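These notes are about the structure you will find just below.
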Amino acid sequence: MISAPPRDSGLNQAQWQAVTCVDGPLLVLAGAGTGKTRVITYRMAELIRRGVAPDRILSVTFTNKAAREMQERALGLLGRRQRSRPVVSTFHSLCVRILRADITRLGYPERFAIYDRGDQESAARRALRDIRISDAALRPGDLLACISRWKMVGITPDQAREFIEDDRDQLAAMAYRRYQSQLRASGAVDFDDLLMLTETLFDQHPDVLERWQDTFSHVQIDEYQDTNELQFRLIEQLVRPHRNLCVVGDDDQSIYGWRGAEIKHILGFQQQFPGAVIVRLQENYRCTEGIIQLANQLVRHNLGRHEKRLVAHKEGVNEINFRNYPDEQAEAEGVVRDIAYLVRHLSVKEDDLAILFRTNEQPRLFESELRRQRLRYVLVGGQSFFDRREVRDLMAYLKVLAFPDDEVSLLRIINTPTRGIGDAAVEKILQRAVKSGTSFWRAVEPALVAGEISARTASNVRGFFEQLQGWRERAIHQPAQLAQLLTDLVKQIDYESEIRKQYKESQQQVSRLAVIDECVTAIKEYTSRSLKPSLTEFLEETSLTGRDDGFGDDDPLKKSGIRLMTLHSAKGLEFPRVYLVGLEEGLLPHQRAVDEGTLSGIEEERRLAYVGITRARDYLTITSAATRTKWGKRRESVPSRFLKEMLTPIEDEEGEVSTSH
DNA sequence: AAGGAGGGTTTTTTT
DNA sequence: AACCCTCCTT
């Protein structure tokens, strides 16, 4: 009993079925470019049309940027004059919302700091130092990988010992405990904690779970193929009473296995939710026929996938090019020359072009070529604004103001710029604080009395504390003036001199100093946008959306340009012309995946290539270099196995040749 | 405690 | 080649 799609919706039969099937579990297997975002937004509208209150509909997206865009689209469809709005959020933002109300029940402060990757690394480093593990045995990065692996399936430090497989895990389990108590003592959580603590909260306080179960009557998840174990469990709990769950995804685009994404969730949806309806969207409106064929042919080499065949709706000829260059420099020059020609002589818009690559070291050469040709470009993701040292310093100052317990941030800035509080003194004070169970600040006087630090140092620490208190007052009482506070703070600590000292070259100095202004601008932008600005909200926002663009580039000029991004960041996007570069063994598939020697590792790389190809609407250029310089040494580069795969037709089950060219 | 020199390490992808 | 850590000198 499926009605025909209304004419003005422009939806096809399958899409319409997915839109109108609103009760019970539904799996939408949506290939690339089949209009799944449209389906999700129309589905929200349909639910509301059927009388569901907008704010009882929860849609989960993969990035905050995607959430913003979907919210926009939905409002465009529904009209902005709704009394309430559908909730569109990432898993992490949703968990923050859940935790904010009840995290005190788990012994955390009401206002908790969210540690980003850099903070995590500092905390990991300290945990390792505390138990005196030699650097070679376990590095901070390895530790974080282990911890994250555990956390993503909800394993606590206590449970970790049961999952130890080798000596390294043994060490990691010890360090995990330290790391976790360090975070707890700092009143801080990391990204994985957001999910894990939410589950703990639901387990220990069923009333909280019930409240959230009652809050949403319908839940939809986009990019379901990238859902990890913990995320799955949370959602499963949330929808348990009504099972009104719609998940949308494409197993061929699962590219986050390394982050715990379990392809089994999308493959086994019907087992987990018996009675689930499956709708397949296979009509591709994005790419030309040749591009679809190429993508299909490549991805058919993967085992363990839902069989589906994308059907192209667009025709096109000669839209695919393969190029091999002598080295990576020539590759960059060649691609950019090509682009320059298109832009200058064929009036192709810069926004219509994208260069996609596997690793973040690749764009450098392309960037300098683009600059040389005076073409506008935007580097998406990569070393983000918030990863720069100066930004991290200033953010640490703000975090210390907002979260007095945040030890990691305090240690970062206590002597930056230098103010006569050396490592030795800090260490002594910390030891005292730990021994007597008090805060860092309260341990200063006892340390002085015990003769562990000099009177001079003690007075320096006191002075800094006074300064912090002054800023803190302002942050609390004049939340609208945060930008001015930061400006004054920077001046008071004379951060400019610090930068000039650190960087000798004037060009470096200028660009680093500009970063300060960008920080101030970011806060200004926030305070003018927020209804009720607060330092904690600003910090929360920046740590959750840090890598999304939209920061530092509020200048519309910067927003248009040739897009440079990794294949991972390109997920969900599309461009009329795509350059997929560096298709070589060791790069795509990445060396790490090759070394691993597992089939699933290579398959994920293949899906990554598949994602890259299917970003292209009309034109696709795939390039590789014959040699590549790595670690200062030139090496032969072998063309990626995927090239051969995508160009060799493979046999159908019936024994027919499926495609030809 | 601060600053500089030298040596070793590093690179997959990100909420 | 960039960054971080450690050690050395002041």
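Because the structure is a prediction, the values reported are computed rather than measured.
Screening A/Glu585, A/Glu636, A/Glu584 for a salt bridge (Lys or Arg N to Asp or Glu O under 4.0 Å) with A/Arg628, the sole residue that qualifies is A/Glu584. The only member of A/His568, A/Arg592, A/Arg149 that meets side chain to side chain contact (heavy atoms under 4.5 Å, CB included) when paired with A/Trp258 is A/His568.
Here side-chain hydrogen bond (donor to acceptor under 3.5 Å, both in side chains) pairs that include residues 413-424 of chain A, with residues two or more places apart or in two chains, are A/Tyr397-A/Arg419.
With distances taken from any side-chain atom of A/Arg364 to the nucleotides B/dT15, C/dA2, B/dT14, the minimum falls on C/dA2. Of the candidates C/dC4, C/dC5, B/dT13, B/dT13 carries the atom nearest the A/Thr566 side chain, counting heavy atoms from C-beta on.
Across all strands, A/Phe62 comes closer than 4.0 Å only to sugar-phosphate atoms, never to a base (heavy-atom distances). A/Arg607 comes within 4.0 angstrom of no nucleic acid atom, judged by non-hydrogen atoms across all strands.
As a whole-Å value, the separation of A/Ile255 CD1 from B/dT14 P is 9 Å. One can place CZ of A/Arg412 at 9 Å from P of C/dC4, the figure rounded to the nearest angstrom.
Per the stacking criterion (ring centres < 5.5 Å, plane angle < 30°), A/Trp258 stacks onto the base of B/dT13.
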Sort me out a list of protein N/O and nucleotides 8-11 of chain B N/O pairs below 3.5 Å, or just none if empty.
{"unit_1": "B/dT10", "atom_1": "OP1", "unit_2": "A/Arg139", "atom_2": "NH1", "d": "2.3"}
{"unit_1": "B/dT10", "atom_1": "OP2", "unit_2": "A/Arg139", "atom_2": "NH1", "d": "3.4"}
{"unit_1": "B/dT11", "atom_1": "N3", "unit_2": "A/Glu361", "atom_2": "OE1", "d": "3.3"}

At a cut-off of 3.5 Å, list every protein nitrogen or oxygen paired with a nitrogen or oxygen from nucleotides 1-7 of chain B, distance to 0.1 Å.
{"unit_1": "B/dA1", "atom_1": "OP1", "unit_2": "A/Gly422", "atom_2": "N", "d": "3.2"}
{"unit_1": "B/dA2", "atom_1": "OP1", "unit_2": "A/Gly420", "atom_2": "N", "d": "2.9"}
{"unit_1": "B/dA2", "atom_1": "OP2", "unit_2": "A/Asn415", "atom_2": "ND2", "d": "2.8"}

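A donor-acceptor pair shorter than 3.5 Å cannot be found between the side chains of A/Tyr610 and A/Asn302. Side chains of A/Glu223 and A/Gln225: a donor-acceptor N/O pair is present below 3.5 angstrom, by distance only.
Within a 6.0 Å radius of CZ in A/Arg364, no more than 12 heavy atoms belonging to other residues, nucleotides or ligands are found.
Phosphate proximity of B/dT14 to A/Thr63: absent, as no side-chain N or O sits under 4.0 Å from OP1 or OP2.
Two residues are said to be in side-chain contact when any heavy atoms from C-beta on lie closer than 4.5 Å; A/Asp393 and A/Glu498 fail this criterion.
Residues A/Arg606 and A/Glu645 are paired through a salt bridge, judged by an N-O separation under 4.0 Å between the basic side chain and the carboxylate.
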